[in-house]
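Here is how names work: the chains are called A, B, and so on, in the same order as the sequence lines, proteins then strands, and each is numbered from 1.
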Number of protein chains: 2
Amino acid sequence: MKARTETKEKIVELGTDLMKSIGYPSLSYHQISCKLGIKNAAVHYHFPSKESLGLEILTDAIISFEEVIFNVSGLGSWEKLDLFFKNYRRHLESNNKICLIGASASDYQELPESMQTAATEYLVLVKGWFVELLDKGRKEGNFHFKGEPENKAAVIVSALAGGLQQARLIGNAHFDGIVNQLKEDLKP
Amino acid sequence: MKARTETKEKIVELGTDLMKSIGYPSLSYHQISCKLGIKNAAVHYHFPSKESLGLEILTDAIISFEEVIFNVSGLGSWEKLDLFFKNYRRHLESNNKICLIGASASDYQELPESMQTAATEYLVLVKGWFVELLDKGRKEGNFHFKGEPENKAAVIVSALAGGLQQARLIGNAHFDGIVNQLKEDLKP
DNA sequence: TTGTTTACTTACTAATAAGTAAGTAATTTT
DNA sequence: AAAATTACTTACTTATTAGTAAGTAAACAA
C-alpha cells in the first residue's frame, strides 16, 4: 500500500494542471488514471464525483494563496507586486497554462454550483488582496494611480488573467508587455 | 424549403452564442438542433464537422469587426474608444457571455488548428486596431499614457476580455470598474 | 491470528458525443 | 415534363464520458 494520501495528492496536482491547460469540462478521469498508471475506478475511489475533485482543486488553491498572503505580509508594496507578477508568469513556462480563476471564469456556466461558489471566493480573495495593497501602497507614496483602488485592482487582476490566455494566441511577449505597462502606470 | 441560408445563418448565430456562453468544447450539435427544431443530421448537412462550424463562427466575427473598423474610421479617438467599450459590454446583458477571443483563448488547447489560427488572426486584428488608436490618439493629444502603445493596448484588450469573464463570478460592476479605470488612466 | 480497513482492479452501465448512409419531399434547372 | 439539386429526416455507428458493483491483496488493529 502507498503512503496515505500519495495518490490522492497526485490526482489533485494533475487535475489542477489539466484544469489550467484544457479546462474543467474537458478534464477526464481517463486522462488522470492513464498518466498516473492507475485505473479509472481508482480515481473515483478518492474522488467519487468529478465535482468533488474540481472543488478540492479550487479549495486547495485558495488555501495556498492564503498562505502566500501570510508569507509576504512583511514585504514592501513593490516587492509584493513583483512577487505576484513573477509567480503568475510561471503559468506560461509550463505549456501555456492559464490561472485557475481565468479557467473557472471562462467555464463558469459549465461548473457545478459548489465550484462556482469556490471560484467566486477565490477571486474575491485575490482582488481584495490587491485592493489593500494598492490602497496602502498609494497612501505610503509607493504607488501612483487615479481613482478607486478597487477599480485599479479590477484592471490588474483581469489584465493578468486575460493576458495569460491571450499569450497562447500571440506569444508570451504579450503578457510581459502587460506586466511592464501595469508597473509603469503605478510608478509615482 | 426554407430561404437559401436561413437555417445555416441561424446555426452560426446560435453557435456563436453557445461558444460565448459555454465554450467550443461544450457546444454540441444536439443543443443546436433542439433549439432550432431540426434534427442532428440537419446541422451536419450545413456543417459536416464541428470544426467547420467553429471556424465559420470565428471568420464571421473577424469580418464583422473589419466592417466595424471601417464604419468608425471617421470618428474621434474617444468616440471610437467609447463605442468599443459599449459594444463589448453588451455581452454582459445577454446571460453573461464572454467575447469570442476570450472563449477561444481559454479553450485554445482544445481547438482544432484551423480555429487556433483564426483566433490568433482575430486577436492580432483587434489589438492592432487598439495600437493604432492609442498611438494616433496620443500624438493628437487626446490620450495620455506612458510607454509603448502596444503594451497599453495589451493591457486594455486583456483587461476587457478578462473582465467579462470575471464579471460572471463577482458581478457586472467589476467590468464597469475596469472600463472607468481604463478611461481615467487615458485622460490627458 | 483473526477481522477490518485501505487502496485499489476488473468488469460493467447508461448517457452523450460527433459523424454517416440512405431515403424523401420540395424546389429549381433543363 | 424530366432530371438534378437542395434541405432536410430516419436510423444508425463508434467513441468517450462519469459513475458503480463486486472482488482482491496488503496493511493494520484487536
Side-chain angles (χ1 to χ4, degrees), chain A residues 1-19 21-58 103-104 107-116 118, chain B residues 1-19 21-58 103-104 107-116 118:
Chain A
M1 219 196 309
K2 301 267 179 72
R4 252 232 170 76
T5 48
E6 210 174 280
T7 301
K8 193 173 182 180
E9 269 168 27
K10 278 184 186 172
I11 293 172
V12 177
E13 234 176 275
L14 188 54
T16 304
D17 282 351
L18 284 169
M19 194 167 156
S21 57
I22 59 172
Y24 176 79
S26 299
L27 170 169
S28 77
Y29 274 32
H30 181 73
Q31 288 169 297
I32 293 173
S33 60
C34 283
K35 281 205 181 177
L36 294 183
I38 55 178
K39 299 296 159 183
N40 191 305
V43 186
H44 277 284
Y45 170 75
H46 292 287
F47 296 99
S49 68
K50 195 178 163 182
E51 174 173 0
S52 64
L53 171 57
L55 190 57
E56 180 133 333
I57 289 171
L58 289 177
S104 302
D107 288 327
Y108 191 74
Q109 325 265 23
E110 294 292 290
L111 299 184
E113 213 182 291
S114 65
M115 289 182 70
Q116 293 182 337
Chain B
M1 218 196 304
K2 300 266 180 75
R4 255 239 167 70
T5 47
E6 211 173 277
T7 302
K8 193 172 183 181
E9 269 167 27
K10 277 184 185 169
I11 292 172
V12 176
E13 236 175 272
L14 188 52
T16 303
D17 283 351
L18 284 169
M19 194 166 155
S21 57
I22 60 172
Y24 176 79
S26 299
L27 170 169
S28 77
Y29 275 31
H30 180 74
Q31 286 170 297
I32 293 172
S33 60
C34 282
K35 282 206 181 177
L36 294 184
I38 57 179
K39 299 296 160 183
N40 190 305
V43 185
H44 277 284
Y45 170 74
H46 292 289
F47 296 99
S49 69
K50 195 178 164 183
E51 174 174 0
S52 64
L53 171 58
L55 189 57
E56 180 134 332
I57 289 170
L58 289 177
S104 302
D107 287 327
Y108 192 75
Q109 325 266 22
E110 294 293 289
L111 300 184
E113 214 183 290
S114 64
M115 288 182 69
Q116 293 182 338

message = Suppose we screen for side chain to side chain donor-acceptor pair (under 3.5 Å). Which residues come up paired with B/Ser21, at least two apart in sequence or across chains?
response =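 Per chain and number, B/Ser21 pairs via side chain to side chain donor-acceptor pair (under 3.5 Å) with no residue.
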inquiry  = B/Gln109: which residues meet the side chain to side chain donor-acceptor pair (under 3.5 Å) condition with it, sequence neighbours left out?
reply    =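 Result, side chain to side chain donor-acceptor pair (under 3.5 Å) vs B/Gln109: none returned.
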How many Å lie between [atom1] on [X] and [atom2] on [N], as a whole number?
X        : N      : atom1 : atom2 : result
B/Ile11  : D/dA7  : CD1   : C1'   : 11 Å
B/Lys50  : D/dA15 : NZ    : C1'   : 14 Å
B/Glu6   : D/dT6  : CD    : P     : 17 Å
B/His44  : C/dA22 : NE2   : C1'   : 16 Å
B/Ile32  : C/dA18 : CD1   : C1'   : 12 Å
B/Ile38  : D/dT6  : CD1   : P     : 18 Å
A/Glu110 : D/dA18 : CD    : C1'   : 15 Å
B/Glu51  : C/dA17 : CD    : P     : 19 Å

key: Cationic tip of B/Lys8 above B/Phe47 ring, under 6.0 Å, 45° of axis   =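 Flagged: B/Lys8 positioned over aromatic ring of B/Phe47.
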ask   = Taking it one step at a time, do A/Tyr108 and A/Met115 satisfy side-chain contact (heavy atoms from CB on, under 4.5 Å)?
value = CA-CA 9 Å; A/Tyr108 191 74; A/Met115 289 182 70; over 6 Å; no
key: A/Tyr45, nearest nucleotide to its side chain (from D/dA18, C/dT20, C/dA7)   =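 Among D/dA18, C/dT20, C/dA7, the one nearest the side chain of A/Tyr45 is C/dA7.
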query = Of all residues at least two apart in sequence or in a different chain, which pass the side-chain contact (heavy atoms from CB on, under 4.5 Å) check with A/Glu51?
reply =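 For A/Glu51 the side-chain contact (heavy atoms from CB on, under 4.5 Å) partners, ignoring immediate neighbours, are A/Tyr24, A/Ser49, A/Pro112, A/Ser114.
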Any residue meeting side-chain contact (heavy atoms from CB on, under 4.5 Å) with A/Thr16, in chain and number order, not counting sequence neighbours =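 For A/Thr16, the residues satisfying side-chain contact (heavy atoms from CB on, under 4.5 Å) (neighbours in sequence not counted) are A/Val12, A/Lys20, A/Ile57, A/Leu100.
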ask   = For A/Ser104 and A/Leu58, which heavy atoms make the closest approach, and how far apart are they?
value =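 In this case the closest contact between A/Ser104 and A/Leu58 is OG-CD2, 3.6 Å.
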request  = Measure the CG-CE distance between B/Leu111 and B/Met19 for me, rounded to the nearest 0.5 Å.
outcome  =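 The distance works out to 6.0 Å.
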Using distance only, find each side-chain donor-acceptor pair of residues 32-39 of chain B under 3.5 Å and give its atom names and separation, not counting sequence neighbours.
from, atom 1, to, atom 2, distance (Å)
B/Ser33, OG, B/Tyr29, O, 3.1
B/Ser33, OG, B/His30, O, 3.0

What does the list of N/O pairs under 3.5 Å between the protein and nucleotides 10-14 of chain D look like, with a distance for each?
none

query = Going by number, which of residues 22-30 of chain B have a non-hydrogen atom under 4.0 Å from DNA chain C?
reply =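 When residues 22-30 of chain B is checked for heavy atoms under 4.0 Å from DNA chain C, the hits, listed by number, are B/Leu27, B/Ser28, B/Tyr29, B/His30.
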